[in-house]
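Lettering follows sequence order; numbering is per chain, from 1.
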There are 2 protein chains.
Amino acid sequence: MTASTAQGRDPASLRRHNLRALLRHLHLRGPTSRVGLGQVTGLTRSAIADLVGELTERGLVLESGSSQQQPGRTGRGRPPLIVSLRDERAYVLAIAVDVDTVRIGRVGLGGNVLEEMATQHEHVPGDPTPGLEQLARLVRELVTTTEAPPIAVGVAVPGLVRDEDGVVTRAPNLGWHELALGQRLRELAEITAPVVVGNEARLAALAEHRRGAGRDRTDLVYVSAGVGVGAGIVAHDQLLTGNTGYAGEIGHMITNPGGRTCHCGARGCWETEIGADALLRRIGVVEPADRQSELERLFERAEQGEAEALDAFRQLCTPVATGLANMINIFDPGLVLLGGLLRPLLRYAEGELRYNLERIRGLPELPVELGSARLGEQGHLLGAAEAAVSSFLASFE
Amino acid sequence: MTASTAQGRDPASLRRHNLRALLRHLHLRGPTSRVGLGQVTGLTRSAIADLVGELTERGLVLESGSSQQQPGRTGRGRPPLIVSLRDERAYVLAIAVDVDTVRIGRVGLGGNVLEEMATQHEHVPGDPTPGLEQLARLVRELVTTTEAPPIAVGVAVPGLVRDEDGVVTRAPNLGWHELALGQRLRELAEITAPVVVGNEARLAALAEHRRGAGRDRTDLVYVSAGVGVGAGIVAHDQLLTGNTGYAGEIGHMITNPGGRTCHCGARGCWETEIGADALLRRIGVVEPADRQSELERLFERAEQGEAEALDAFRQLCTPVATGLANMINIFDPGLVLLGGLLRPLLRYAEGELRYNLERIRGLPELPVELGSARLGEQGHLLGAAEAAVSSFLASFE
DNA sequence: TATTATTTGTAAGAGGTAAAAACAAAATGA
DNA sequence: TCATTTTGTTTTTACCTCTTACAAATAATA
């Protein structure tokens, strides 16, 4: 039925499975003693020794010998060998594309950001080629100085990404349409590694789940507001993709049928209720010429405690709470993380938001925590890295 | 990190995995030739022979020899042995509890309903004991005539069920509250098999996924309206449970903040907009004395083409479409199945509903099918059976 | 400082699982 | 009847991990 259950398992795939389990654990939990690996996987010391031996030979991991004493360690007995991932040899490239900036980073399999750059996005509306060529240049730049090519590449994009082939179906802010981003980047930058493309909100959710505020959670919802509203949902430790890959496109969830008409044609979409423009409307700014700077001014005013600015955030709490309550009722996520504009909103109107959420939500017995996304600006980049790592692990032989 | 990936896999668990894969395939796809099993699992004939041999010895499967020719078969070559599940020996009990009826059935591991009963629910509001004792009697009645005890028991309940311990947190229509239904039923009916309890809408979604309109789908959303509104979501071939088990409680999703006040305290919950009472209000019936018979009269009038009755359904289409559009945007399910009151709605106002849905949904590129749940009344029972089978397979050694 | 207890690493052999290969059986079609 | 095709069976082989026994490295203790 599912691919994983239907696949027959021979002894060789058993070993693959165990090797992957070790890599995954090292990736998520960091350096671990051999014994620790044994406890987690249920394998014996001899099996672990054999498996770690293979990973060492393949250059993926390092064992720091007992010679250098581990500092925090206590108790007697022979000190264990610590297994850790060799970030410098096994790393992914992560790219976060946005309207005016492009971030790119080298991220070790162990999760360390080894190198990071951010530059202006040379982006020509309607023509993706210049932007792609810039990306390819950046990739080559980062790769040439390293001893090994990346094991995978991940790209976060503000738009719809079709899961099945990684094509960017639509990215209105970039003017992209049906763009085979991954494939073209592979060609232009001459990469042999797989290139994974994903929606930025989905990837940010993934990053929060693995490295941010959602560690040790099996379920969470990440919601980020900007011009539009995006989300990523993690359920059963898995990022929800839906049938096409568009799961989480909650900007057009209708929370107020009597509200304003959205550009999509419907009335009362959540993003018309809580998006950047809705926030700016509250301080009297309609159709801003430079949205970004208007927002920054608003943040500054709020930071200085100016009543009108704080009021703008407070007024947004009801519609924000409405949508969040819906997500909570639908998913029972246990944890809701806020990103983008919702972070300052939580900062300046936390009480108001929590009050409204409690008032609205239908199921008081459903426990839920509300918090800020921890990774902030880096979420997209780290999410792209995580997606790349997942892709690598999935194809690891 | 997840239970399945973090567990180490020794050779024994490899075999368990393969045995389960065979059982699961037979359960979902029905009798299969050995060769067919090999193609699905990727195992060789010799391995299949060995595994099937073990299952045969354990009484779970039967091989129908080549002696009795298979009818539809063509082509030359030695005719294969067909492996099928022994329903009479390996069966589950499924129970669907509702306010005034209780259904109970014996369902073979292969999916055949071997025996089924429906009786009046001897249900005393506030006191679950008489109802439980009735259930226990029914269980014993069904079990005594069989050669073997059930391998698992599943119960579908109209209420909130906590996933972690199977306790019914709240079932307002039954007057239950924090009831350890599974545990008490095991004691009263003296069952040794595991008893799984689940919300009826979630289980109906599971049944549609495995045996109904959602076969061969990896993602679907099932929505059913009655007095309240419930849903079940299948994503990546898995039933979504959420953190507590309450995922899918969409009755209190707010789709119209300007709407009527719900009993939960909020305004414009979906169930106040599209529930049974909302439907009855459209034909002027407010606070019905006997809701069920009023509904049945409405269905009859609609079936005879009476304009007022049809209008009631048509008027409901906008709020129904609003909520469905939200679910579609959030999940990208590919398939939406309607149950309960939404089935007659689809019958009497299909055009209206589809038109509204197309008008509202924000992402036209997101493909989605809309249809009726196929299993209808039996959905809850079959869902309970499926949950029981899953539980059996999960613990199969 | 020597001893003991504890924990970890290593090596050899055993057991179990599935693959591969060779052979046997049961059907079709010429 | 005989070749062909497909499937089942048996034997051998290869692989993976476990078990067991032993060695190594440290802390606590005498």
Legend entry - salt bridge (Lys or Arg N to Asp or Glu O under 4.0 Å) contacts in which one or both residues fall within residues 45-62 of chain B, not counting sequence neighbours: B/Arg15-B/Asp50, B/Arg15-B/Glu54, B/Glu54-B/Arg58
Inset, instruction - For A/Leu19 and D/dC15, give me the distance from atom CG to atom P, rounded to whole Å. - result: 15 Å
Legend entry - N/O (side chain, A/Asn18) to phosphate O (OP1/OP2, D/dT17) under 4.0 Å: yes
Legend entry - Nucleotide D/dT17, atom C1' - distance to CG of B/Asp10 in whole Å: 7 Å
Inset, instruction - Select one nucleotide: of C/dA19, C/dT10, C/dA25, the one nearest the side-chain heavy atoms of B/Arg78. - result: C/dA25
Inset, instruction - Taking only the side-chain nitrogens and oxygens of B/Arg34, find out if one of them lies under 4.0 Å from OP1 or OP2 of D/dT9. - result: yes
Inset, instruction - Whole angstrom is fine here: how far is it from CD1 in A/Ile48 over to P in C/dG9? - result: 10 Å
Inset, instruction - Please determine if a side-chain N or O atom of A/Thr44 lies less than 4.0 Å away from the OP1 or OP2 oxygen of D/dC18. - result: yes
Inset, instruction - Check the pair A/Arg210, A/Asp237 against salt bridge (Lys or Arg N to Asp or Glu O under 4.0 Å), reporting the backbone distance first and the verdict last. - result: CA-CA 9 Å; A/Arg210 302 234 182 120; A/Asp237 281 322; over 6 Å; no
Legend entry - Rounded distance (Å) that lies between atom C1' of D/dC18 and atom CZ of B/Arg15: 17 Å
Legend entry - B/Leu37 CG to B/Leu51 CG distance, which is reported to the nearest 0.5 Å: 9.5 Å
Inset, instruction - Measure from CD1 on A/Ile82 to P on C/dT7 and round the result to the nearest Å. - result: 16 Å
Legend entry - Carboxylate-amine/guanidinium proximity below 4.0 Å for A/Arg34 and A/Glu63: yes
Inset, instruction - Starting at atom CG of A/Leu14, determine the distance to atom P of D/dA14, rounded to an integer number of angstrom. - result: 19 Å
Inset, instruction - Using only side-chain N and O atoms of B/Arg76, determine if any of them is under 4.0 Å from OP1 or OP2 of C/dA26. - result: no
Inset, instruction - Just call it for B/Arg45: base, sugar-phosphate, or nothing, with non-hydrogen atoms closer than 4.0 Å on any strand. - result: base
Inset, instruction - Using whole Å, report how far CG of B/Leu37 lies from P of D/dG8. - result: 10 Å
Legend entry - Separation of D/dA24 P from A/Leu81 CG (nearest whole Å): 15 Å
Legend entry - Comparing B/Ser46 and B/Ser33 on DNA chain D - which has the more 5′ nearest nucleotide: B/Ser33
Legend entry - Pair B/His209-B/Glu386, side-chain donor/acceptor within less than 3.5 Å: no
